[in-house]
Amino acid sequence: MGRIEWAMWANEQALAAGLILLAGGIVGVAGQFRGWEFASYAIAAGVFVCLLEYPRSKRAKGTSVERTGQYCFTVCVKAFGPVTRNYYVRAFLHAALCVPGGFMLATVLGCVCLGIASLIYLAAALRGEHWEPILPRKDTRKPVAESIKSPPQNPPPRPPPEIRRKQAKDVEGAAYDNPMSVTDDE
Amino acid sequence: KGLIKIYIILYQRQYICPFMLLHQHALSWARAPAACLNFNCMLILLPVCRNLLSFLRGSIQCCSRTAARQLDRNLTFHKLVAYMIAFHTAVHIIAHLFNFEYFMDAQLNRNHSHLPFILSEIGNDENVSFLNPIRISSRLTQPQGSPTIVMFTTIAGLTGVVITLALILIITSSMEVIRRSYFEVFWYTHHLFVIFFIGLVFHGFGRIVRGQTSRSLDSNDPDVCADRFEDWGKNESGCAVPAFAGNPPMTWKWVVGPMFLYVCERLVRIYRSHQKVVITKVVMHPSKTLELQMKKKGFHMEVGQYVFIQCPSISRLEWHPFTLTSAPEEDYFSVHVRIVGDWTQALYEACGGNKSELQEAWKLPKVAIDGPFGTASEDVFRYEVVMLVGAGIGVTPFASILKSVWYKHIQNNEGVFTKKIYFYWLCPETEAFEWFADLLQSLERQMTEKDMADFLSYNIYLTRWKEKEAAHLRVHHEDENDPITGLKQKTLYGKPNWDNEFTNIASTHPGSKVGVFLCGPPMLGKSLEKQSISHTEAGVKFIFNKENF
């Protein structure tokens, strides 16, 4: 299967599972079903999982695509250091979180989805993947020689067309005033 | 696409409104999306039968080109239907959650003056004409288990959970991130749809949703007898005890047709993959581009089409799409493959790319071809004036178009409808497309020989350039040929000013229809579409066509 990074799929699955758990919990509480305590737990667990899974990890190879507005979540998740970096921890965490969801019909689906996500995270952890925050890239371009400036906005400088034509025939007439002033000291 | 969306919404309204008017409880909320799901699941298999669509496209094309163009948006339609399925599944599940609660309530609330309870009691003994799917035996006073247990012990419940899980896995692996980077995961997980359809068909087999039998409706009319439930069965009341039976499963009627068509589609693909394809020539181009020239018996292509290539020695399950870069007038067909991933790298090595001596013809790998599949490029020749815009790798289908137009002119000068082509090629660098620059050079030479130098006007825009190139350019800008591409028409820099371009073309060709064809990023597509619309006025019409690969 090539260079699949399981964590990317596990992340999508876990985010979906969080949303499903949340939805199931809301239905359970709103409908005042039997066992609605489990539903209220599911709401809390669903929100927690969504917050944890929202920031996408940086890919080991290739370009990473951020989710909209994930930067503040990235900062929060990064603050927990090794706990959130390690995928074994995530796998066991999701496995533990999903268990109470199995006690009520409305949240069973969220429970199973989260369980699957936990298994995929386990696969990712076994392959040695870990979570890397996507941070905005500061322009760490090495100090370049003065002759190379930032990428030009304009086409390469050419004298205006009339002058170009003149240059071929008449060197004197090709002289012109530079439109921008050129001074020695700035 | 808009028409299709409207049709879907109208159809779905037709199902939901009557349900809502007649009943106000959760069962109808479950039944309405179920009906919509039947319809959507029927539709979802159709857009991916690409051989069938190709065939349809060919036969429709003689009747209506607009209809044919709609078929190109098949993947968009597939995704749209998939979103509808997901939405309706969600509504269906939530409604059934409420249903189960009500059914449990009905069994638990043992009050003889409560209609739901009386209805639940029916059939407790005979177990034949019952209504409430949550059964209790007459000896116990509590229903066995919770709704969860009941769900897992009914066919409907079990299949429901299985197919919903399959659906969720399919959806999460189809997210753009996964699809673009890890295609195998997407492709293999997507095959869970087989489980989805099997489960869907069996979902109704338990006949868990029950309705009053028609015979019972004669003796117990709900309008009259609903309030008189305490008197059912008694002689004077005129209302017998109602009898219920399960509704027969309906889903299979909807999906069996498309399932059959899809099976046919896969069989066609397998058949086509066994047709013999011979690689006649392999050309290594600079910047990791491999050109394969092939021949296959009975292969017939149109401009700008693409094929799927499979190489069994590399992977038996992977089919990858490539645009055809040869013209139909040539006696072979070719693709230019950029070596970017595992599969293309393996193909390069199998064709002897990393060996220095020539590869023997019999050592070349066996390949299989599925296709060709059509795109809107075939419409190019129906316009008198054509604007072709290719961005980066999107320039590939235009190789085929330009070659074909040229061949048509050589063979039959008067019969060619297209009189003028404006070609725009936008790329960050011409590396990786030297082969295309070569093609343009040879076309330029031939056109000058035939004295048709202004048939094709091409503009190459380098959107990025490096400082050391600039120095070279400053010195050589007076040269007759462009220093970068070697072409007579100079390379331009930055992005084209579309407003100017469109205005110039509009003034040069008043009163004609100009076809605008793009193969490139969607942002560019949007801006071109806007320009086409804004510059269309009395006389000049710009018609925008987008390729999608």
Side-chain angles (χ1 to χ4, degrees), chain A residues 1-6 8-17 20 23-24 26-28 30-35 39 56 59 61-65 67 102-110 112-113 115-117 120 144-145 147-149 151-159 164-165 167-168, chain B residues 26 90 93-98 100-102 104-105 108 146-152 157 160-162 164-165 168-169 171-178 180-189 315 318 341-343 462 464-474 477-478 491-494:
Chain A
M1 282 226 191
R3 300 167 295 202
I4 165 75
E5 281 179 51
W6 292 105
M8 301 304 293
W9 186 25
N11 174 266
E12 299 287 335
Q13 180 69 14
L15 188 61
I20 294 172
I26 292 177
V27 167
Q32 293 282 298
F33 289 175
R34 258 173 293 281
R56 236 182 227 140
R59 281 169 61 179
K61 279 188 210 164
T63 43
S64 318
V65 180
R67 291 201 177 101
F103 288 101
M104 193 192 157
L105 185 59
T107 52
V108 152
L109 195 61
V112 179
C113 286
I116 294 179
I120 309 178
V144 290
S147 60
I148 303 178
K149 299 154 198 63
Q153 313 298 72
N154 301 308
R158 291 177 185 177
R164 265 186 265 160
R165 280 195 284 277
Q167 241 174 5
Chain B
I93 293 178
I94 293 178
H96 272 313
L97 287 175
F98 279 95
F100 268 82
E101 274 301 302
Y102 294 159
M104 281 298 273
D105 279 343
L108 290 175
S146 60
T148 320
I149 310 277
V150 172
M151 179 191 74
F152 276 110
V161 170
V162 167
T164 312
L165 274 178
I168 291 175
L169 282 172
I171 291 182
T172 54
S173 62
S174 311
M175 292 280 123
E176 181 117 11
V177 173
I178 313 281
R180 296 243 177 247
S181 320
Y182 314 116
F183 192 80
E184 291 86 0
V185 170
F186 157 68
W187 182 241
Y188 293 133
T189 319
S315 162
E318 289 180 42
D342 310 347
W343 190 85
L462 285 187
R464 279 182 237 155
W465 52 278
K466 304 187 191 84
E467 182 78 17
K468 62 176 191 233
E469 283 174 8
H472 183 224
L473 290 162
R474 256 201 293 275
H477 74 260
E478 286 295 308
T491 309
L492 301 150
Y493 296 91

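Computed over heavy atoms, backbone and side chain alike; hydrogens, waters and symmetry mates excluded. The model shown is predicted, which means the values in this text are computed figures rather than measured ones.
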Heavy-atom pair of closest approach, residues C113(A) and L165(B): SG-CD2, 4.0 Å
Kindly indicate, with the supporting measurements, whether the criterion side chain to side chain contact (heavy atoms under 4.5 Å, CB included) is fulfilled by R56(A) and V177(B). CA-CA 11 Å; R56(A) 236 182 227 140; V177(B) 173; 3.4 Å; yes
Mind checking the [atom1]-[atom2] spacing from [X] to [Y]? Nearest 0.5 Å is all I need.
X: T172(B); Y: I120(A); atom1: OG1; atom2: CD1; answer: 6.5 Å
X: M175(B); Y: N11(A); atom1: CE; atom2: CG; answer: 11.5 Å
X: Q13(A); Y: L169(B); atom1: CD; atom2: CG; answer: 5.0 Å

Check each atom of T189(B) against the heavy atoms of chain A and say whether the ones under 4.5 Å are side chain, backbone, both or neither. side chain
CA sep, side-chain torsions, deciding dist, call: W9(A), S173(B), side-chain hydrogen bond (donor to acceptor under 3.5 Å, both in side chains): CA-CA 6 Å; W9(A) 186 25; S173(B) 62; 4.6 Å; no
Options M104(A), R59(A), M8(A), ranked by heavy-atom pairs under 4.5 Å with chain B, top entry: R59(A)
Can you tell me which of V27(A), I20(A), L15(A), I116(A) forms the most heavy-atom pairs within a distance under 4.5 Å of chain B? V27(A)
Relative to chain A, which of V161(B), I93(B), I168(B) shows the most heavy atom pairs under 4.5 Å? I168(B)
